[in-house]
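Residues: numbered from 1 along the sequence shown.
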Amino acid sequence: MALSRDAAALFWSTAAQRVTYCFKMASQYYQEMQESFKNNNKSREFPAHSAKVHSVAWSCDGRRLASGSFDKTASVFILEKDRLVKENNYRGHGDSVDQLCWHPTNPDLFVTASGDKTIRIWDVRTTKCIATVNTKGENINICWSPDGQTIAVGNKDDVVTFIDAKTHRSRAEEQFKFEVNEISWNNDNDMFFLTNGNGCINILSYPELKPIQSINAHPSNCICIKFDPTGKYFATGSADALVSLWDVEELVCVRCFSRLDWPVRTLSFSHDGKMLASASEDHFIDIAEVETGEKLWEVQCDSPTFTVAWHPKRPLLAYACDDKDGKYDNNREAGTVKLFGLPNDS
């Protein structure tokens with residue numbers, strides 16, 4: 001039924017007011033964060049591993065940061081005020097730890113994916129591996145379902161295995177005919193997303209794992225994907241150096257971020273969903289205001305950055321760069337983790 005002229009005018013007036021309000025709030029947030037970063041833009045690095053760090057991730061309560069490395073280990077730090085204090089090193093994998101993630105609601109459990117064809121679940125209370133699950137290939141990506149019941153792991157042969165987090169047994173296994181780069185559930189736990197080498201986002205129903213949609217997101221390799229904590233958006237990063245922001249409900253691209261010049265390797269939304277950090281082989285991390293796309297800040301780096309993670313409660317960004325042996329003096333370890341957003345006087 002067509003709207004009357006008055007109803008249509010009211011509709012468009014209300015819509016315009018909503019847009020104006022959103023931009024006003026975004027502008028206010030932008031000014032607040034600009035002011036915050038002017039006083040809190042210090043980065044500090046912390047020795048973590050003896051080789052390149054591939055992955056960093058915060059526990060759900062923000063008390064701990066975990067890192068996984070080419071040196072076959074994982075490290076866990078405790079956040080104390082404005083510094084990271086190493087708590088433990090976790091050994092057991094026979095190959096590089098390529099990715100890790102924490103349980104979505106239990107701050108004591110995290111899982112690591114390795115090229116040794118296993119995943120390992122660790123408990124920080126006992127500092128021990130509580131389960132080792134054998135997989136068919138060299139694992140390169142991993143995620144934990146929002147309900148905590150399932151772990152999905154992808155390998156170099158484009159097989160994704162869904163593992164019961166309690167029994168540690170495989171629930172399902174899917175072989176894909178395209179290059180699978182990164183995997184993620186949506187926040188509602190009823191869809192499963194994959195980015196692929198053809199520039200597409202493939203969406204499956206969950207737990208049925210039936211194809212729902214394939215979105216042509218980028219003209220080249222679609223590398224990474226992240227969902228914002230509010231469930232409103234997800235973002236993808238591509239070899240075309242673009243970051244695309246997508247509306248979760250409509251599955252449409254609402255804006256692109258184009259300040260990087262190299263393939264986008266890693267993304268992270270802030271705890272409030274209002275900032276998006278993206279990084280690549282460019283020697284800086286771009287921090288964007290989500291609703292406007294404007295640059296909020298630029299974190300300078302000395303080398304390519306391959307992993308970033310916002311703290312779940314504070315504007316603190318953990319990241320790791322491609323630190324080379326010999327870059328620092330011989331007394332310094334390669335494989336550091338870094339923290340941005342610290343007070344300038346700390």
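- Residues R314 and D82 approach most closely at NH2-OD1, 3.8 Å, considering heavy atoms.
- If you look at F162 and F192, their ring centroids are closer than 6.0 Å.
- Here the closest heavy-atom approach between residue I121 and residue A165 is recorded as CD1-O, 4.5 Å.
- Under a 3.5 Å cut-off, the side chain of S145 and the backbone N or O of T150 do form a donor-acceptor pair.
- Looking at N88, its side chain never comes within 3.5 Å of a backbone N or O of T127 through a donor-acceptor pair.
- No side-chain heavy atom of E87 sits less than 4.5 Å from a side-chain heavy atom of V85.
- Side chains of N89 and S75: a donor-acceptor N/O pair is present below 3.5 angstrom, by distance only.
- The nearest pair of heavy atoms linking N181 to G197 is ND2-N, 3.8 Å.
- For the pair N141 (side chain) and G154 (backbone), a donor-acceptor distance under 3.5 Å is present.
- For T73 and H93, the side-chain atoms include no donor-acceptor pair closer than 3.5 Å.
- Using cut-offs of 30° and 60° for the angle between ring planes, the W246 and F234 rings count as parallel.
- How far NE2 of H54 is from CG of D71: 9.5 Å, rounded to the nearest 0.5 Å.
- In this model, a donor atom of one side chain and an acceptor atom of the other lie less than 3.5 Å apart for H49 and S67.
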Residues L100, V111; criterion side chain to side chain contact (heavy atoms under 4.5 Å, CB included); working and verdict: CA-CA 6 Å; L100 53 77; V111 61; over 6 Å; no
Pair E32-Q34, side-chain hydrogen bond (donor to acceptor under 3.5 Å, both in side chains): steps then yes or no: CA-CA 6 Å; E32 288 173 359; Q34 281 267 303; over 6 Å; no
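- The closest donor-acceptor contact from the side chain of D98 to the backbone of I140 lies at 3.5 Å or more, if one exists at all.
- Atom NZ of K128 has 12 or fewer neighbouring heavy atoms from other residues, nucleotides or ligands inside a 6.0 Å radius.
- A donor atom on one side chain and an acceptor atom on the other are found under 3.5 Å apart for S43 and Y319.
- Ring pair F227/F193: centre-to-centre distance below 6.0 Å.
- Note on I151 and Y206: separate hydrophobic clusters, where clusters join Ile, Leu, Val, Met, Phe, Trp and Tyr whose side-chain heavy atoms are under 4.5 Å apart, directly or indirectly.
- Between L339 and L317, the closest side-chain pair of non-hydrogen atoms is not below 4.5 Å.
- The hydrophobic clustering, which links ILVMFWY residues whose side-chain heavy atoms are closer than 4.5 Å, places I223 and W262 apart.
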Steps toward salt bridge (Lys or Arg N to Asp or Glu O under 4.0 Å) verdict (D164, R169): CA-CA 5 Å; D164 187 301; R169 293 179 180 174; over 6 Å; no
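- The closest side-chain donor-acceptor pair between E173 and Q175, if any, does not fall under 3.5 angstrom.
- Looking at K72 and S114, their side chains never come closer than 4.5 Å, going by heavy atoms from C-beta outward.
- Here the side chain of N139 pairs no donor or acceptor atom with the backbone of I142 at under 3.5 angstrom.
- At distances below 3.5 Å, at least one donor-acceptor pair connects side-chain atoms of E182 with backbone N or O atoms of I225.
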Candidate pair F306 and E281, rule side chain to side chain contact (heavy atoms under 4.5 Å, CB included), full reasoning: CA-CA 8 Å; F306 293 112; E281 292 174 58; 4.2 Å; yes
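- Tracing side-chain contacts under 4.5 Å through hydrophobic residues (I, L, V, M, F, W, Y), one reaches V299 starting from Y30; they form part of the same cluster.
- Checked by atom type, the side-chain pair N196/N202 shows a donor-acceptor distance below 3.5 Å.
- At distances below 3.5 Å, at least one donor-acceptor pair connects side-chain atoms of W102 with backbone N or O atoms of A57.
- Residues K81 and R83 have side chains not in contact (no heavy-atom distance under 4.5 Å, counting atoms from C-beta outward).
- In this structure, the separation between CG on N187 and CG on D228 is 7.0 Å, given to the nearest 0.5 Å.
- Taking CG of N221 as the reference point, atom CG of N198 lies at 8.5 Å (rounded to 0.5 Å).
- Side-chain polar atoms of K38 and S36 form no donor-acceptor pair below 3.5 angstrom.
- Listed for the K86 side chain is a donor-acceptor partner under 3.5 Å among the backbone atoms of A48.
- Classified by interplanar angle (parallel below 30°, tilted 30° to 60°, perpendicular above 60°), the ring pair F110/W122 is parallel.
- Clustering ILVMFWY residues whenever any of their side-chain heavy atoms sit less than 4.5 angstrom apart, transitively, puts L204 in the very cluster that holds F178.
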Chi angles and distances behind the side chain to side chain contact (heavy atoms under 4.5 Å, CB included) call for M275, M33: CA-CA 9 Å; M275 291 188 289; M33 292 313 301; 3.8 Å; yes
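- Although no hydrogens or angles enter the test, the distance criterion places a donor-acceptor pair under 3.5 Å between the side chain of S59 and the main chain of R64.
- Remark: the backbone N or O of M191 is paired with a side-chain donor or acceptor of N186 at under 3.5 angstrom.
- Residue S220 comes nearest to S238 through the heavy atom pair O-OG, 3.3 Å, listed as atom of the first residue, atom of the second, then distance.
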V254 and Y233: CA distance, side-chain angles, deciding distance, side chain to side chain contact (heavy atoms under 4.5 Å, CB included) verdict: CA-CA 9 Å; V254 293; Y233 298 119; 3.9 Å; yes
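- The ring of F269 has its center no closer than 6.0 angstrom to the ring center of W310.
- Using a 4.5 Å cut-off on side-chain heavy atoms (C-beta onward), K295 and E289 make no contact.
- The two residues C200 and C222 have their closest heavy-atom pair at O-CB, 3.9 Å.
- Considering all non-hydrogen atoms of both residues, G273 and V290 come closest at O-CG2, 3.5 Å.
- Both F284 and L267 sit in one connected hydrophobic cluster of ILVMFWY residues. Membership requires side-chain heavy atoms under 4.5 Å apart, directly or through other members.
- C60 has its side chain out of reach of N106: every pair of non-hydrogen atoms, C-beta onward, lies at least 4.5 Å apart.
- Between the CG atom of L296 and the CZ atom of F37 there is a distance of 6.5 Å, given to the nearest 0.5 Å.
- The shortest side-chain heavy-atom distance between F77 and F46 falls under the 4.5 Å cut-off.
- When side chains are defined from C-beta on, C224 does not count as touching T236, because their heavy atoms never get closer than 4.5 Å.
- Residue H103 holds its NE2 atom at 5.5 Å from CH2 of W144, rounded to the nearest 0.5 Å.
- Judged purely by distance below 3.5 Å, without hydrogens or angles, the side chains of H283 and S303 never pair a donor atom with an acceptor atom.
- Just one residue in the list E250, E291, E249 forms a salt bridge (Lys or Arg N to Asp or Glu O under 4.0 Å) with K232, and that residue is E291.
- Considering CD of Q300 and CD1 of I285, their distance stands at 9.5 Å, rounded to 0.5 Å.
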